[in-house]
Asker: 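Encoded as structure tokens, here's the structure I'll be asking about.
Values below: every heavy atom of this structure, side chains too, minus hydrogens, waters and symmetry copies. Sequence lines set the chain letters: A, B, ... in the order given, protein chains first and strands last, and positions in each chain run from 1.
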Amino acid sequence: MSIAEHLPKQYDPRDAQERWYPVWVDRGYFRADPSRDATPYTIVIPPPNVTGALHLGHALNNTLQDVLIRWRRMQGFDTLWMPGTDHAGIATQAVVEKRLFTEERKTRHDIGREALVQRIWAWKDEYEARILGQLRLMGCSCDWSRTRFTLDEGCSRAVRHTFFNLFQAGKIFRGKRLVNWDTQLRTAVADDEIEYKDTEGLLWTIRYPVTGSESEALLVSTTRPETMLGDTAVAVHPEDDRYQHLIGKTVTLPLLGREIPVIADAILVDPKFGTGCVKVTPAHDPNDYQTGLRHHLPQINLLNPDGTFNENAGPYAGLDRREVRKRVVADLEAQGLLVKTEPYTNRVGYSDRSKTVIEPYLSDQWFVRMGDDPDGSPGFAQQAMDAVTSGRVRIHPERYAKSYLDWLGEKRDWCISRQLWWGHQIPIWYFDGELDALEAALSGAEGVSWAPAEGGGWLVCALDDQLIQGHSDRLGLRRDPDVLDTWFSSALWPHSTLGWPEPTPELKKYYPTSVLSTARDIITLWVARMVIFGQFNMGDVPFRDVYIHSVIQDGDGKRMSKTAGNGIDPVDIIETYGADALRFTLASSATETQDLRMPVERVTDDQGRIATRKAPGQPIEFVPADLAKDLPKEQFVNTSKKFEEGRTFPNKFWNAARFALINLEGYTPGPVSPDELAVEDRWILSLLRRVSAESTADLEHFRFADLARGLRDFTWNEFCDWYVEFIKARLRDDETKAVAQRVLATVLDGLCRLLHPVMPFVTESVWQAMGSVAKARGLPEPTEAAESVCIAPWPSYPDSWNDPEAEFDVAQWQEKVAALRNLRAERDVPRDAKIEPILIAQGRAAEALARGASSIRALVGAGSVSVVPSADRPAESAVAVLADAEIVLPLAGLIDPKAEIAKLSKSRADLEKQLGGVRSKLGNASFVARAPAEVVQQQRARLAELEAQLAAVSSRLAELGG
RNA sequence: GGGCGAUUAGCUCAGCGGCGAGAGCGCCUGCCUUACACGCAGGACGUCGGGGGUUCGAAUCCCUCAUCGCCCA
């Protein structure tokens with residue numbers, strides 16, 4: 001008994017995962033080496049945010065990145081896959097604040113900035129460890145020695161330098177702007193962080209009396225009546241005859257009694273909508289804000305940061321916005337100024353993070369200028385657009401370039417300040433004194449810069465806290481409490497992780513990175529901004545290719561999410577099916593479509609109880625179905641049948657390898673000359689060369705599904721189903737054994753390498769097992785195999801292996817074997833009956849069949865196979881008529897003439913139908929005239945074939961008297 | 001409202017101008033044939049969302065309608 005025979009019949013994914021991953025890490029295969037003289041290939045991981053554990057979308061993205069990295073590593077590149085996580089400012093602070101509130105009933109203001117930040121760091125440590133652990137379980141070959149975090153020292157330094165440089169370059173400004181305000185989190189949120197939902201509400205119509213008139217009034221409609229307190233005008237259309245006479249007059253604002261002008265504005269007002277009058281609240285509506293700027297209207301801010309109304313609301317000051325609405329409506333009604341109330345559906349913005357209604361809010365914010373410079377030279381947005389239109393950055397699939405360009409084309413300034421405690425604090429100090437004092441203290445200081453503030457005073461920016469600490473108290477500097485938008489630090493990721501602003505060897509070698517793989521929803525948030533900051537800091541784009549992967553949905557086309565209860569934890573899949581299965585399935589699913597459906601099922605035990613767990617990573621508990629109903633949906637453990645396919649394939653490969661290893665008993669390495677090869681050897685090598693070339697091309701073009709499918713089909717449908725069967729007899733014969741073993745070892749070796757990027761664990765297991773039996777292998781000359789398939793060279797076989805003759809031969813054998821098996825099955829021939837089929841063929845087909853007679857015999861379980869140019873057909877025989885051959889299977893005693901006649905008649909009808917189609921095509925003069933010659937020729941050949949088949953079938957029928 | 005995408009076998013998806021539309025899963029019939037029952041052999045199942053058009057030829061290109069998903073206003 002050899003070692004090979006002790007390999008388990010079923011592949012054990014867990015064993016392989018636990019065995020090989022630590023070996024790879026210990027041997028340093030994943031480490032990049034800037035001093036190595038090899039072309040770099042770099043991917044920076046899209047840093048998962050530390051809010052929660054990874055889901056299937058991350059699993060997909062990271063699988064694909066690992067496939068690319070492993071492939072390039074095998075190609076000999078100096079590969080760097082930079083891992084790390086993102087602090088996700090608002091999201092992480094929100095989950096920690098939520099937990100603080102549910103567990104202790106406290107808000108962040110109760111415990112203070114320092115304590116909250118400390119708690120968030122603890123959360124971060126926990127989730128970072130979980131996330132990185134998930135990546136390791138998946139087999140990701142990141143360079144862990146370089147793991148980074150967007151708030152770590154190096155990234156913080158990069159943020160600081162970037163901010164400082166932007167400040168000096170005049171790209172940063174502070175201003176009062178209408179922002180999207182989250183009243184619960186008390187912060188501005190970006191446009192992208194708002195989710196709009198159609199909401200059933202009411203439309204109130206309010207009467208604004210014309211000042212000094214007893215009877216005349218303007219009627220305005222609004223979905224937010226409380227904002228009337230901040231109205232500073234009423235607008236009408238300049239050409240609206242109804243109100244011409246009132247333009248320039250004033251109306252009296254109800255409740256507050258303020259006189260506000262009636263203005264004419266053609267942009268804001270649609271005279272056909274409602275009454276044709278619009279209230280203008282510049283501080284609380286984006287359109288009104290613009291209108292206010294056009295007409296120089298005052299901006300009256302009504303809100304406090306927490307959503308209560310301020311002193312500008314007069315008697316309503318101190319009340320919550322919802323309460324103000326109630327009272328305003330009631331008071332208007334009491335005064336007879338409420339004209340009507342009707343149901344109305346409008347789109348309301350909700351914060352992605354807190355799920356509360358977003359308020360447009362006028363506040364001081366920091367911005368990065370995106371537009372072009374006053375002299376017309378391209379600004380940040382334009383530069384980022386140019387990077388893509390010029391082809392310096394290529395986006396795949398190409399269609400996504402459009403959304404990138406459309407969004408950047410708006411050139412909207414980027415609001416980078418967040419009123420949070422978790423993040424990079426803005427390095428700005430306010431100085432209220434005179435310029436002289438500032439200059440006296442700071443002039444000549446490196447890394448300190450200042451500029452006049454919008455509302456008077458000065459803004460001081462420092463590269464380092466220490467540079468300013470000494471002056472801070474003396475000058476009475478106040479630091480801005482805000483932090484930067486998370487995407488500010490993420491935008492630096494491709495160079496900050498490589499050591500920028502230091503001129504490190506890493507930065508020199510690995511920037512620009514090679515590929516960025518990410519999801520389409522952050523093309524604008526992240527990809528565009530990386531291009532902007534990459535070009536600003538590094539003078540070059542951050543990556544050459546951007547690959548956008550599909551979004552995974554559940555079986556109903558719903559986006560997966562924890563709260564919807566339809567999410568799948570990749571770790572659950574790994575536990576049930578194995579990491580290779582997860583990876584193979586995801587890679588197979590990675591087509592060019594934008595969505596990918598993954599039918600989701602609950603995990604149940606054999607008693608129908610439902611698997612649940614308190615949180616990701618916690619142990620599973622099975623709960624009876626009726627009890628499970630009441631549990632939060634995010635506690636269910638989900639799975640998907642989709643991964644079955646991924647489980648069977650590694651097992652199939654494992655068993656093919658077992659077969660090979662068992663049969664490599666007595667293997668001796670040695671050269672094989674081409675004339676020693678059997679037809680089937682030449683055939684499988686020809687196919688191996690092709691699948692290898694195709695796999696390389698698939699990887700070059702991000703065709704992951706094609707890659708997975710091509711390799712699976714070759715492995716299963718050609719190598720296992722045919723080649724292994726063809727050589728079984730040769731392996732039992734000492735005369736022929738050696739060559740068959742050498743070819744077998746070569747093909748298995750190639751498969752290990754080709755499959756390794758997708759299925760690293762099973763291929764390493766096989767590779768190591770092979771190492772003990774056939775360490776030296778390959779054709780025509782064997783060479784010593786690498787110590788791990790991770791670092792084995794990616795295959796590239798000589799074109800001379802391409803062998804159309806061998807492929808023709810084997811195709812002949814396969815077709816005839818299939819036909820014979822079909823005859824056997826249809827006629828219920830017992831499995832152990834030794835049939836003696838006759839293959840009637842001429843010419844090239846006959847030669848091919850003669851060469852393969854013994855293979856065919858073995859594969860159909862025949863006693864003998866004869867190949868003849870013509871033959872009398874025994875009366876009791878089953879017959880199949882193929883395009884270039886007739887197969888006769890004598891079956892004395894097993895043939896029912898009636899059934900034979902029926903089958904042949906069906907076959908004849910079929911042929912006649914097909915003939916009809918071909919004849920009508922060829923009978924069409926314009927087809928013959930206009931179609932390409934080879935297409936016409938093809939049809940003619942087919943006509944001849946079909947006619948011959950029909951003749952054979954008819955003659956057989958005649959013999960049977962049918 | 002604008003844009004992107006999808007609609008092909010029961011399910012998930014390939015195919016994107018030229019033989020007779022494919023795969024995996026599922027289904028049916030035989031098989032534990034000393035690599036594999038996570039398997040082997042055989043089989044059934046599709047007016048390629050509807051309607052127009054272009055073409056010698058359309059699942060594939062164009063128009064239109066319908067349904068669904070996503071993004072942006």
Side-chain angles (χ1 to χ4, degrees), chain A residues 4-5 7-11 13 191-192 196 286 347 397 399-400 402-403 406-407 410 519-521 523-524 550-551 553 555-559 577-578 581 585 588-599 640-663 703 705-706 708-709 712-713 716-717 720-721 724-725 728 817-818 820-832 858-861 883 910-911 913-915 917-918 920-932 934-943 945-946:
Chain A
E5 284 166 86
L7 295 172
K9 286 169 74 163
Q10 275 188 15
Y11 169 58
D191 295 343
D192 313 72
Y196 291 93
R347 272 171 31 98
R399 66 182 123 92
Y400 291 116
K402 191 171 152 46
S403 38
D406 285 351
W407 184 81
E410 294 180 23
R520 67 171 179 274
D521 51 344
I523 292 174
T524 55
S550 317
V551 168
Q553 305 176 331
D556 301 319
K558 297 280 180 298
R559 198 191 178 97
Y577 298 100
T585 303
S588 307
S589 310
T591 58
E592 278 213 356
T593 50
Q594 62 176 20
D595 305 316
L596 192 167
R597 285 189 188 196
M598 190 77 70
S640 178
K641 272 259 160 57
K642 266 278 213 181
F643 293 96
E644 292 283 350
E645 181 192 354
R647 161 158 59 183
T648 55
F649 182 51
N651 189 60
K652 183 70 180 179
F653 178 63
W654 172 255
N655 274 292
R658 272 184 74 222
F659 169 86
L661 292 164
I662 292 166
N663 285 283
R703 294 186 301 239
D706 292 347
R709 185 174 170 161
R712 182 201 177 279
D713 287 352
W716 202 314
N717 303 345
C720 292
D721 286 353
V724 162
E725 297 302 327
K728 275 180 176 169
V817 166
L820 277 163
R821 283 173 173 168
N822 175 284
L823 287 179
R824 280 195 78 133
E826 284 196 337
R827 270 66 172 190
D828 290 327
V829 178
R831 202 167 61 80
D832 48 359
L859 266 62
V860 301
D910 212 43
L911 287 165
K913 193 178 152 206
Q914 289 179 44
L915 265 170
V918 176
S920 80
K921 231 179 208 179
L922 287 167
N924 180 344
S926 65
F927 171 74
V928 178
R930 299 199 194 199
E934 69 261 27
V935 174
V936 177
Q937 187 43 46
Q938 232 169 27
Q939 290 302 312
R940 292 220 168 97
R942 178 153 164 71
L943 178 72
E945 233 171 50
L946 287 169

Asker: Can you work out whether Val918(A) or Thr591(A) has the more 5'-proximal nearest nucleotide on RNA chain B?
Answerer: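 Taking each residue's closest nucleotide, the earlier one in sequence belongs to Thr591(A).
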
Asker: Nearest whole angstrom, please: distance from the P of A14(B) to the CZ of Arg709(A).
Answerer: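 So the CZ-P distance, Arg709(A) to A14(B), works out to 10 Å.
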
Asker: Find the distance Ile662(A):CD1 to U34(B):P and express it as a whole number of Å.
Answerer: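 Atom CD1 in Ile662(A) sits about 12 Å away from atom P in U34(B).
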
Asker: Look at the side chain of Arg520(A) and decide which nucleotide, out of C4(B), G18(B), C70(B), has an atom nearest to it.
Answerer: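 Selected nucleotide (nearest to the side chain): C70(B).
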
Asker: Could you give the CG-to-C1' distance, from Asn717(A) to G24(B), as a whole number of Å?
Answerer: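 It is 11 Å, rounded to the nearest whole Å.
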
Asker: Please enumerate all residues that pass side chain to side chain donor-acceptor pair (under 3.5 Å) together with Asn655(A), with sequence neighbours excluded.
Answerer: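 Here the qualifying residues are Arg658(A).
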
Asker: Take atom CD of Glu592(A) and atom P of A14(B), then tell me their distance rounded to the nearest Å.
Answerer: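 Result: 10 Å.
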
Asker: So, using side chain to side chain donor-acceptor pair (under 3.5 Å) as the criterion, who are the partners of Ser920(A) when residues are at least two apart?
Answerer: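 Listed in chain order: nothing, the list is empty.
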
Asker: Ser588(A) near the nucleic acid: base, sugar-phosphate alone, or nothing, with a heavy-atom cut-off under 4.0 Å?
Answerer: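 Answer is nothing: Ser588(A) stays at 4.0 Å or more from every strand.
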
Asker: Lys641(A) has an atom NZ; how far is it from atom P of C25(B), in whole Å?
Answerer: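 Distance, rounded to whole Å: 12 Å.
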
Asker: Would you tabulate the nitrogen or oxygen pairs shorter than 3.5 Å linking the protein to nucleotides 27-31 of chain B?
Answerer:
| unit_1 | atom_1 | unit_2 | atom_2 | d |
| --- | --- | --- | --- | --- |
| C31(B) | O2' | Arg831(A) | NE | 3.3 |

Asker: For nucleotides 37-44 of chain B, list the nitrogen or oxygen atoms of the protein found under 3.5 Å from its nitrogen or oxygen atoms, one pair per line.
Answerer:
| unit_1 | atom_1 | unit_2 | atom_2 | d |
| --- | --- | --- | --- | --- |
| C38(B) | OP1 | Gln10(A) | NE2 | 3.4 |
| C38(B) | O2' | Asn651(A) | ND2 | 2.6 |
| C38(B) | O2 | Arg647(A) | O | 3.1 |
| C38(B) | N4 | Gln10(A) | OE1 | 2.3 |
| G39(B) | O3' | Lys652(A) | NZ | 3.1 |
| C40(B) | OP1 | Lys652(A) | NZ | 2.6 |
| C40(B) | OP1 | Trp716(A) | NE1 | 2.8 |
| G42(B) | O3' | Asn822(A) | ND2 | 3.3 |
| G43(B) | OP1 | Asn822(A) | ND2 | 2.6 |

Asker: With sequence neighbours left out, write down each residue that passes salt bridge (charged side-chain N to carboxylate O under 4.0 Å, His left out) with Glu725(A), or none if nothing qualifies.
Answerer: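 Glu725(A): salt bridge (charged side-chain N to carboxylate O under 4.0 Å, His left out) contacts with Lys728(A).
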
Asker: Between Lys402(A) and Arg597(A), which has a closest nucleotide on RNA chain B that is more 5'?
Answerer: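 Looking at RNA chain B, the more 5' nearest nucleotide goes with Lys402(A).
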
Asker: Taking CG from Leu596(A) and C1' from G24(B), how many angstroms apart are they, rounded to a whole number?
Answerer: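 Answer to the nearest Å: 14 Å.
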
Asker: Given pairs defined as Watson-Crick or G-U wobble with both distances under 3.5 Å, what dot-bracket annotation applies to RNA chain B, with ( ) intrastrand, [ ] crossing, | other strand and . unpaired?
Answerer: (((((((..((((....[...)))).(((((.......))))).....(((((..]....)))))))))))).

Asker: Sequence neighbours excluded, which residues qualify as salt bridge (charged side-chain N to carboxylate O under 4.0 Å, His left out) partners of Asp910(A)?
Answerer: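 Checked Asp910(A) against salt bridge (charged side-chain N to carboxylate O under 4.0 Å, His left out); zero matches.
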
Asker: Check every strand shown and say whether Thr593(A) touches a base, only sugar-phosphate, or nothing at a heavy-atom separation below 4.0 Å.
Answerer: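 Result for Thr593(A) = sugar-phosphate.
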
Asker: Answer with base, sugar-phosphate or nothing: what part of the nucleic acid does Glu934(A) contact at a heavy-atom distance below 4.0 Å?
Answerer: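 Since no nucleic acid heavy atom lies under 4.0 Å of Glu934(A), the category is nothing.
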
Asker: Could you tell me whether Arg712(A) contacts a base, only the sugar-phosphate backbone, or nothing, with contacts defined as non-hydrogen atoms closer than 4.0 Å?
Answerer: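 Here Arg712(A) touches the backbone only, sparing every base.
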
Asker: Would you indicate what Pro650(A) reaches in the nucleic acid, counting non-hydrogen atoms under 4.0 angstrom: base, sugar-phosphate, or nothing?
Answerer: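 No contact.
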
Asker: Using atom C1' in both nucleotides, what's the gap between G20(B) and A59(B) to the nearest angstrom?
Answerer: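 G20(B) and A59(B) have their C1' atoms separated by 15 Å.
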
Asker: Checking all strands, does Lys913(A) fall into the base, sugar-phosphate, or nothing category for heavy-atom contacts under 4.0 angstrom?
Answerer: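 It contacts nothing in the nucleic acid.
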
Asker: Pro650(A): which residues meet the side chain to side chain contact (heavy atoms under 4.5 Å, CB included) condition with it, sequence neighbours left out?
Answerer: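 Partners of Pro650(A) under the side chain to side chain contact (heavy atoms under 4.5 Å, CB included) test: Tyr11(A), Asp580(A), Met759(A), Val762(A).
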
Asker: Just to be sure I understand the rule, does Val928(A) reach a base, reach only the sugar-phosphate, or reach nothing, if contact means heavy atoms closer than 4.0 Å?
Answerer: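 No contact.
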
Asker: Listed by chain and number, what are the side chain to side chain contact (heavy atoms under 4.5 Å, CB included) partners of Pro286(A), not counting sequence neighbours?
Answerer: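 Checked Pro286(A) against side chain to side chain contact (heavy atoms under 4.5 Å, CB included); matches are Leu178(A), Pro360(A).
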
Asker: Could I get the full list of salt bridge (charged side-chain N to carboxylate O under 4.0 Å, His left out) partners for Arg597(A), not counting sequence neighbours?
Answerer: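 If we apply the salt bridge (charged side-chain N to carboxylate O under 4.0 Å, His left out) test to Arg597(A), skipping adjacent residues, there are no hits.
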
Asker: What integer distance in Å separates Glu725(A):CD from U33(B):C1'?
Answerer: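 Computing the Glu725(A):CD to U33(B):C1' distance gives 9 Å.
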
Asker: Among residues at least two apart in sequence or on other chains, which ones pass side chain to side chain donor-acceptor pair (under 3.5 Å) with Asp595(A)?
Answerer: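 Testing Asp595(A) for side chain to side chain donor-acceptor pair (under 3.5 Å), a comparison that skips the adjacent residues, returns Arg520(A).
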
Asker: Base, sugar-phosphate or nothing for Gly555(A)? Non-hydrogen atoms, less than 4.0 Å.
Answerer: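 It contacts sugar-phosphate atoms only.
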
Asker: For the atom pair CG (Asn651(A)) and OH (Tyr577(A)), what is the distance rounded to the nearest 0.5 Å?
Answerer: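 Separation between the atoms: 14.0 Å.
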
Asker: Checking all strands, does Gln937(A) fall into the base, sugar-phosphate, or nothing category for heavy-atom contacts under 4.0 angstrom?
Answerer: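 If one applies the 4.0 Å heavy-atom cut-off, Gln937(A) turns out to touch nothing in the nucleic acid.
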
Asker: Mind checking side chain to side chain contact (heavy atoms under 4.5 Å, CB included) for Asp721(A) and listing every partner two or more places apart, or none if nothing turns up?
Answerer: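 Listed in chain order: Trp716(A), Asn717(A).
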
Asker: Which whole-number value in Å describes the distance from Glu645(A) CD to C11(B) P?
Answerer: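 So the two atoms are 18 Å apart, to the nearest Å.
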
